[in-house]
Protein chains: 2
Amino acid sequence: MTDSILVFMIFWDDLESESKPGIALKNNSIKKEIISILSLSGNVTIPDLSKKLVISVPKITALVNELIADSIVSDYGKSTVASGRKPSVYGLVADSGFFLGVDIKHSHINIGLIDLCKNLASTSKHIPYTLTNERHSLDELCNIIKTFIANSAIPGDKIVAMGLNLSGRINSTTGYSYSFFHFNEDPLSVYLEQATGIKTFIENDSRAMAYGEYIAGAAKNEKNVLFLNLDYGIGMGIIINGQLYYGKSGFAGEFGHIPFFDNEIICQCGKKGCLETEASGRALTHLFREKIKSGYASIITKDMAPEDIKLSHIIQAVKDDDVLAIDLIAEIGEKLGKGIATLINLYNPELIVLGGALAETSEYILLPIKSAINKYSLNLVNTDTQIKLSQLNENAGVVGACFLARDRVLEAR
Amino acid sequence: MTDSILVFMIFWDDLESESKPGIALKNNSIKKEIISILSLSGNVTIPDLSKKLVISVPKITALVNELIADSIVSDYGKSTVASGRKPSVYGLVADSGFFLGVDIKHSHINIGLIDLCKNLASTSKHIPYTLTNERHSLDELCNIIKTFIANSAIPGDKIVAMGLNLSGRINSTTGYSYSFFHFNEDPLSVYLEQATGIKTFIENDSRAMAYGEYIAGAAKNEKNVLFLNLDYGIGMGIIINGQLYYGKSGFAGEFGHIPFFDNEIICQCGKKGCLETEASGRALTHLFREKIKSGYASIITKDMAPEDIKLSHIIQAVKDDDVLAIDLIAEIGEKLGKGIATLINLYNPELIVLGGALAETSEYILLPIKSAINKYSLNLVNTDTQIKLSQLNENAGVVGACFLARDRVLEAR
DNA sequence: ATTAATTAATAAAATATTTTAGTAAAAGGC
DNA sequence: GCCTTTTACTAAAATATTTTATTAATTAAT
């Protein structure tokens, strides 16, 4: 069967339709559960499914055979594990569907494509793009996506869904973006769907990164995880019971704007005293420039004016053992650590993953954070919380976007 | 049938046993679902159940009849709603099982008993008891519980389970209490089970109160709720997606001990700068005494030495329009409000319920809290968050304990 | 290498569940 | 007050699912 994705989508729509008599509806819901199990745990055997779903072997066999006939599922040969007759293992047909992930950074876009079996099919990194809150910037974005699809080996109609990350405030349930591209009556997700022809889910960048680390990075197999996106601003993605937590209107996790300091620095958000005003990449950049202006030495300043110094330069300087940069990152780390201690007391998570530009300084920021946590959070609570650096780094966003699109479609519960 | 609880428990154990052939197992699990639906939404009809569970009417009819034969369910007559032949409504048999709730306060205990249908069967409030971390205090507690059962009209063997609240750190999954009664190898819940003969679930007091407000108080029908227990200390109960959130090891919600102030006041927990050090009943009491000592006037001091002033006196003074008390509670409210703004930014809840002793001052504490929230939390985030006063007040704990015991047994998912 | 033990797969028999069709009960319009 | 419409309930027929029994495939032990 050549156009299996068409089959897949027709099949899926069919499963979705609830206007069936009881038994067809039941079979469909069992089929969805089977797909969900296959999607979650890779390849499984018929006895496995039978036990897990408490449905007899012949029944499961019949349904799996139907899924095979629809080319959604395939027999992948015999299991290798011990004693007794070896069962056939079944899995999803990888190329019967693809999922696109689009991660929009400050000055570039990363795009990725995964298949039904979570394999990366193709990527394109660092596509130049400037995100501004204007219509032409949105148009350009759509063109970049369309070009990527046109250039990829996968036919466009095999792409089942797309996940797209934006910074700022996003309600991923309704599909509205409030900080960028809020031009139309319709939600941004609907606009993108119409422009690209692909079912679209939008998500806040930090949340998508959190999801990426949860599915394929540092937070695999954990259930309650906080992901901190330490960049110019501070974002947070919250995973509770293995699912992204959104709060009432999708804005949970505004860690950067908790009233944490008694200072007079006006934050991006308009308030003063936000955590971000003293503990963020932006704060670090300001601090660094001030220090340089007041005469401190650094390897950076050899060929750069203070006002041209970017966060990336400072991060690089830390890696190059620049003393000023190291001192300042430690200062930021100490303050962040006190904030993280607050998070630990409130969420008692099993893991906190540090990502974003600042996390690239690894031990330089990790140690002051850890010592602040010990100082400021309850011992009984923090002993169970691990602190880890991001594993996916700058790929966390794309990976998260791909998987969000996939899981929204496949693992809908 | 006289001893229906015995039947209920035998029946329940039977449902639990997983060593059955497929079909009996399936029927049992559907029966459990039926009980869970009845328990959740009161009385329902057979067509309702059929639609909800996607199981044919004759099958549901057969299972409901079995449940009736077991006297777990009863036919409660015809529905009153419109058009067409009126269906029979079925519900749980109220007195086939009871659930005990024990709420341990600083100097007294409240005990309550509800039946399967959530009706309050009996209560006993303000039983004198002093909670100390000693064996004889635990023994006394067991005696009080046994006496309550002996004196109630309900035979002890009809009590299916008991919920018990304690302040301090509790892991309700394992049943261990760390702050009180941590004498034995076994979890406290097991000790209590052996001492009283009743299946016991222990819970942190603030969490139980949160659950009470969620099931039967100010937070009915909400899904993401924070409950603040504003007393000598500050406790928090978190409800996410309609369920109590515990965190990795059951300590989530340590709001009172977030590092919030840059002061030198040593907290109960040993750290300094905790929110509790300046924004709690304990802080209020200290402040009040200091003010009195330094010459401020108050209606309280007429017949009391400064060191004898208790939190309850100050709360009463606020209600009696005492200016000093009102000023100080507003000061506490402002600081608490800033802390709550942090919670709103992090959790984006739909509702925050204020309970505990301080909440009894109602508007006097509510207004400064609300104005601090507006000042310190992001507008886009806080517009969706309602702030309400507790509806159950000092009953929140007992009610929560009863319902927790009930729901742990009945709505196990 | 043959046999015993273990687990998978399948066919047929036994059982269960859903459908269908018909009856019952209620409300509202004429 | 009768007829139409709507929904509930029930019995029997039709269909589906599980059980049981049998065969197949594999490992480990003799």
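Residue numbers start from 1 in every chain, and the chains themselves are labelled A, B, ... in the order their sequence lines are given, proteins ahead of strands. The figures that follow rest on heavy atoms only: side chains count, while hydrogens, waters and symmetry mates do not.
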Checklist entry - Between CG of D115(A) and OG of S122(A), what distance do you get to the nearest 0.5 Å? => result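 Interatomic distance, D115(A) CG to S122(A) OG, rounded to 0.5 Å: 11.0 Å.
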
Checklist entry - How is S88(B) classified with respect to the nucleic acid when contacts are heavy atoms under 4.0 Å: base, sugar-phosphate, or nothing? => result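 Touches sugar-phosphate only.
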
Checklist entry - Do any side-chain nitrogens or oxygens of N27(A) fall under 4.0 Å of OP1 or OP2 in dT17(D)? => result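 Yes, N27(A) has a side-chain N/O under 4.0 Å of OP1/OP2 on dT17(D).
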
Next on the checklist: Can you tell me if K86(A) touches the phosphate of dT27(D), counting only side-chain N or O atoms and a distance under 4.0 Å to OP1 or OP2?
Outcome noted: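 True: K86(A) side-chain N/O within range (under 4.0 Å) of dT27(D) OP1/OP2.
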
Item to check | Interatomic distance, N28(B) CG vs dT18(D) C1' [rounded to whole Å] | outcome: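 Computing the N28(B):CG to dT18(D):C1' distance gives 16 Å.
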
Item to check | Exercise: do K32(A) and N27(A) side chains pair donor with acceptor under 3.5 Å | outcome: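 Checked: K32(A)/N27(A) side chains show no N/O donor-acceptor pair below 3.5 Å.
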
Item to check | Residues E203(B) and Y246(B): side-chain donor-acceptor under 3.5 angstrom | outcome: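 Checked: E203(B)/Y246(B) side chains pair up, N/O donor to acceptor below 3.5 Å.
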
Taking the side chain as everything from C-beta on, heavy atoms only, tell me whether [X] gets closer than 4.5 Å to [Y].
X: Y245(A); Y: I240(B); answer: yes
X: Y90(A); Y: I46(A); answer: yes
X: S39(A); Y: R406(A); answer: yes

Checklist entry - Near DNA chain D, under 4.0 Å by heavy atom, which residues of residues 49-61 of chain B? => result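 Under 4.0 Å from DNA chain D: V57(B).
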
Next on the checklist: Please check: side-chain N/O of K158(A) versus main-chain N/O of D95(A), any donor-acceptor pairing under 3.5 Å?
Outcome noted: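 Between the backbone of D95(A) and the side chain of K158(A) there is a qualifying donor-acceptor contact (under 3.5 Å).
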
Next on the checklist: Can a donor-acceptor pair be found, under 3.5 Å and without considering hydrogens, that links the side chain of N224(B) to the backbone of E350(B)?
Outcome noted: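 Answer holds: no.
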
Checklist entry - Of the nucleotides dA9(C), dT17(D), dT18(D), which one has an atom closest to the side chain of K26(B)? => result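 Ranking dA9(C), dT17(D), dT18(D) by closest atom to the K26(B) side chain puts dT18(D) first.
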
Checklist entry - Could you give the angle between the helix axes at the two ends of the helix from dA1(C)-dT30(D) to dC30(C)-dG1(D), with five pairs per end, rounded to 10 degrees? => result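 Taking five pairs per end, the axes differ by 10°.
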
Next on the checklist: Given the structure, check if the side chain of R85(B) and the base of dA26(C) hold any donor-acceptor pair shorter than 3.5 Å.
Outcome noted: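 Check fails, no donor-acceptor contact within cut-off.
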
